[in-house]
Engineer: 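Please find one structure pasted underneath; my questions will follow.
Order of appearance sets the numbers: ligands from 1, and atoms from 1 within every ligand. The basis for the numbers below is simple: all heavy atoms, side chains too, and nothing from hydrogens, waters or symmetry mates.
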Amino acid sequence: MLIEIPAVLDAAGIAEVRGVIDEGEWVDGNVTSGHQSALAKHNTQLVEASPAARKAGGLILDALGRTPLFIAAALPHSIYPPLFNRYQGGQAFGNHVDNAVRIQRGSNFRIRSDLSATLFLEDPESYDGGELLIEHNFGTQAVKLPAGHMVLYPASSVHRVAPVTRGRRTASFFWLQSMVRDTESRQLLFGLDTAIQQVAQTLGHSDETVIRMTGIYHNLLRKWTDL
Ligand code: NI
């Protein structure tokens with residue numbers, strides 16, 4: 001399941017992140033690739049763990065912490081420090097799968113990648129192509145979102161980025177380990193949480209049924225969480 005998280009960054013947030021990364025050092029994107037990906041990947045990437053990447057990544061992590069829809073959908077346990085990439089002049093990234101485990105160079109930080117995320121940082125009208133194409137059970141879905149919006153998708157899916165034939169596509173991408181490893185269980189929890197929020201709009205959060213359903217949500221979360 002793909003989940004769109006709108007407005008992770010507002011216009012000021014986008015400008016702040018872009019101000020930081022546009023001044024940073026960009027290199028060939030293959031520095032973070034696995035062997036298979038390296039053959040398919042043609043883009044540039046902000047140097048990982050550089051001051052610009054750390055600062056902009058921190059801004060994004062702060063924004064994610066203020067986004068309840070992200071928390072509900074991802075149930076994040078650990079988030080890999082956000083990376084940044086850029087495609088222009090026909091650059092693309094062919095079909096690949098993301099590595100199951102991500103280890104941050106020079107540290108003990110490692111995560112199991114349950115979910116992949118792309119946060120778009122460029123006005124979609126300003127470039128052609130650059131869709132993120134994600135294969136799932138029902139076919140291939142093309143994702144190209146307004147700046148500041150993000151898509152979450154299972155890290156297990158085969159995906160690619162279509163060639164950028166005009167302008168430039170800038171995005172942040174990262175992986176996260178969820179507290180709930182199993183995709184289906186995580187989706188059930190998200191569906192239940194969403195339904196409870198809707199019922200609570202009408203009945204109020206102190207309604208007896210809402211309280212009992214909230215209890216069921218937390219008991220399922222407790223049952224399925226690994227920390
Ligand atoms: Ni990927």
Engineer: From the Ni ion (ligand 1), how many protein N/O/S atoms are found at a distance short of 2.8 Å?
Structural biologist: 3
Engineer: Could you tell me whether the side chain of Asn99 and the main chain of Val101 form a donor-acceptor pair under 3.5 Å?
Structural biologist: no
Engineer: Return the orientation label for the Trp175 and Phe173 ring planes: parallel under 30°, perpendicular over 60°, tilted otherwise.
Structural biologist: perpendicular
Engineer: For Ser113 versus Ala155, what's the shortest heavy-atom pair and its separation?
Structural biologist: O-CB, 3.4 Å
Engineer: We want to know whether Thr165 and Asp128 form a side-chain donor-acceptor pair, criterion being a heavy-atom distance below 3.5 angstrom.
Structural biologist: no
Engineer: Quick one: closest heavy-atom pair of Thr170 and Trp26, and the distance?
Structural biologist: CG2-CH2, 4.5 Å
Engineer: Looking at residues at least two apart in the chain, or sitting in another chain, which of them share a salt bridge (charged side-chain N to carboxylate O under 4.0 Å, His left out) with Glu4?
Structural biologist: none
